[in-house]
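Just so it is clear: chains get the letters A, B, ... in the order the sequence lines come, proteins before strands, and each one is counted from 1. Since the structure is predicted, the reported quantities are computational estimates derived from the model, not experimental observations.
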There are 10 protein chains.
Amino acid sequence: MLVAVTMDVSLPADLPEPVRSELLAREKAYSQELQRAGVWLHLWRCAGRYANLSVFDVRDNDHLHEVLWGLPLFAHLTISVTPLARHPSAIGSEASVPRPT
Amino acid sequence: MLVAVTMDVSLPADLPEPVRSELLAREKAYSQELQRAGVWLHLWRCAGRYANLSVFDVRDNDHLHEVLWGLPLFAHLTISVTPLARHPSAIGSEASVPRPT
Amino acid sequence: MLVAVTMDVSLPADLPEPVRSELLAREKAYSQELQRAGVWLHLWRCAGRYANLSVFDVRDNDHLHEVLWGLPLFAHLTISVTPLARHPSAIGSEASVPRPT
Amino acid sequence: MLVAVTMDVSLPADLPEPVRSELLAREKAYSQELQRAGVWLHLWRCAGRYANLSVFDVRDNDHLHEVLWGLPLFAHLTISVTPLARHPSAIGSEASVPRPT
Amino acid sequence: MLVAVTMDVSLPADLPEPVRSELLAREKAYSQELQRAGVWLHLWRCAGRYANLSVFDVRDNDHLHEVLWGLPLFAHLTISVTPLARHPSAIGSEASVPRPT
Amino acid sequence: MLVAVTMDVSLPADLPEPVRSELLAREKAYSQELQRAGVWLHLWRCAGRYANLSVFDVRDNDHLHEVLWGLPLFAHLTISVTPLARHPSAIGSEASVPRPT
Amino acid sequence: MLVAVTMDVSLPADLPEPVRSELLAREKAYSQELQRAGVWLHLWRCAGRYANLSVFDVRDNDHLHEVLWGLPLFAHLTISVTPLARHPSAIGSEASVPRPT
Amino acid sequence: MLVAVTMDVSLPADLPEPVRSELLAREKAYSQELQRAGVWLHLWRCAGRYANLSVFDVRDNDHLHEVLWGLPLFAHLTISVTPLARHPSAIGSEASVPRPT
Amino acid sequence: MLVAVTMDVSLPADLPEPVRSELLAREKAYSQELQRAGVWLHLWRCAGRYANLSVFDVRDNDHLHEVLWGLPLFAHLTISVTPLARHPSAIGSEASVPRPT
Amino acid sequence: MLVAVTMDVSLPADLPEPVRSELLAREKAYSQELQRAGVWLHLWRCAGRYANLSVFDVRDNDHLHEVLWGLPLFAHLTISVTPLARHPSAIGSEASVPRPT
């Protein structure tokens, strides 16, 4: 099932550079792995803000929480979650891909 | 270029039934035409609300305004607009399709 | 999976009494049918407000939307949705009951 | 009587690891003791947030305050409290268990 | 136990005068009866607003809800509820009067 | 005249223990002196929050400011002030005690 | 004592013209009478809004409420009240004029 | 022309005492100089808050900004600005004093 | 001097068509006259909303109020006003044109 | 295409003076280069605040993000973005300058 998530990033000003780089590299790897797995369906930058709008395709809310809680940047994110359903006027097959539980 | 739009619908309680049905039918047709044209890229229902989250692929802000202003339901919508840019961690080619201006 | 939902009711002042009574009776019947089916897991009144806090056990977000959209009072509700996950400190088995899809 | 409580956790970034672990362990023990005593009736994780939604069954508001004030994480919580009453459409016996004062 | 309640009144502009007077008279009688019964402990006007700040002494949240739901003006009120507990620095005996349940 | 005041306390995490204890002791003494003087009329804990709801009986706004500004915790408080007037439905003599200016 | 008051005016769209004119004339007369009496000390228009910022010099909060409650436009106003005290850096004698109670 | 300004002061907790005293002394001198020059027309303390409500009489918005930007406390202030115009019901001559540009 | 103004338009649903057209025509004429006079310096549509962002070049706040109060749509607008000053990094001569008072 | 942007600046109190000066000098140079290039079309100070209102003329949202992300002060800014479209009542040619992509 699909869920829209907005993440606003707020990194501490005093984060030492190597820690910061390593953190961002881990975040990128984590994100790309989930994109390849078909879980992190869309990832867009909100123009002009250190923030993104994402759409996830998850089994259920426990799966959603596990994915977000695991984000390397989790402690620095303000996250807002909007559950999505199929829209009656949508023409595409923009439904969640059925996957074995 | 991509733009995320949230629309909350608030129809007047005293809208006569035929007017209401005709309005919703026109909205659906308008939406599906823009989906087929590749302008209304994504259309999701926000679960539990009379609202949708959409992503549009438009030439520019004038195009965006023309599309939204033309919505048959426009007078009954509360619209919020979030310009989107490509995210450096996105693996897909989720960019706007270049189109002749 | 579990979802917390808050519903604030705002009935139009000019709703004729028989319409109002019939509406509330249908809402009650709808709610009790879903409670008996194990979908509407908890239903509490928010003390001092015409509002309730509910917990639903649904298959997915499409199911959640279908249930809420079908509420006889839907047009008069302000709904807010909070997806729930299992808490690592919870001792009970307060998980969603697995059901055939 | 029942009370819904939402707790948002915000731990200081510079909390040393052993202090943090010990704090979380004490929080878990405190919570599970109250769950076993039938005071902390429900405990759910809000998906995607470091937060929970809980329902307490307390004797009165003094009891509620004593329970929440005693939380090992209290200084790091943003707490919001919603008093609950029995809903006229609820079919279950979801009332507070009478206990000697 | 004690509960603070703020009520903001918003009467419809088109309420016919006799209906309005009768409504306000019933509200006053209801309020004074509860004051005499020791349930509506304090009642103050918020200066410059059609609103009041009140403190109730109720058995529990069900009692609180019953009292507020019964207000003749209930449909025209925006109510906010703040549960109160005894303050460790309070010198008085400002506790709720024990009453048989 | 009467004034309702809500105070939310936010102590710095790095306040050394003896400073903290001494500060809280001074706050308590200051509060109890004003309670005995009939200026700090009511003092309630907001259940579940490090906050209180108070009612002051002061000569005027200058007196109110002098009293609040003098709070040992003043620098750590978020204060909101609601001027109160006598309510036409109040049966008690809950008026301010006239005092020589 | 001094109190700052902001009033936002919202007149019903369907107010018949003679009613509207008469209402505004009464409001103006009421306001000017209080200005001449030294109670309505300052009256400024908030530029670009149907609103004013005013400063009143009243005996106490009961006096303040009586003055505002008596405004012919009261039912159409959103009022916010800010109690004022003498500022230690003020050089003027901008204190309230002592008046017999 | 007149402008209402609200300033909320938030001094850092770790400001060394001599720095703090010197800062406040400079703020007071700056304010009194502008009061004597007829630019800082009114200065009131908001009762119970570390804040003031002021009215300035400035040549234009550039003058306003120059005056506020120059406040010794500027970096510690949250400022909100409300442009004022003459009110049609005001009886006084509470207009800005014409001054050579 | 310059002032930024945001106007959100909210026309009543039951405005008869000829009244509506005539109102919008008068608004357009009023706006264009002020644009030609150099008072309404910029006028942009906020994309996707029935709203505009404008910049006015006015003599003072009284002038600003007179201009906005005179808008044919004034009763249907939610207006927010932001006074502007010259920015020290601006390279242009984007200052207000001096005009005889 | 045009975009309005509001930037509120919040510099850390403990930024050493040379770092601060160098940062502000780089911001000014960056801003003036974009002004000369016709991308940063308008730059105004919000009077009384450490903030600006700007209008950018960009190719698309990716261009907008690249420009804002590159601001030397980016980490210290709270940015809000409002896409602009041509207003039907605007008489000028205030359109974006067509530029090669």
For the NE2 atom of H65(C) and the CH2 atom of W44(B), what is their distance to the nearest 0.5 Å?
15.5 Å
For chain B, which residues of residues 68-84 of chain C have heavy atoms nearer than 4.5 angstrom:
L68(C), W69(C), F74(C), I79(C), V81(C)
Which bit of R49(B) comes within less than 4.5 Å of chain C, counting heavy atoms only: side chain, backbone, both or neither?
both
Counting heavy atoms not belonging to R20(C), are there more than 12 under 6.0 Å from its CZ?
no
Tell me if the CD atom of E33(C) is crowded by more than 12 foreign heavy atoms within 6.0 Å.
no
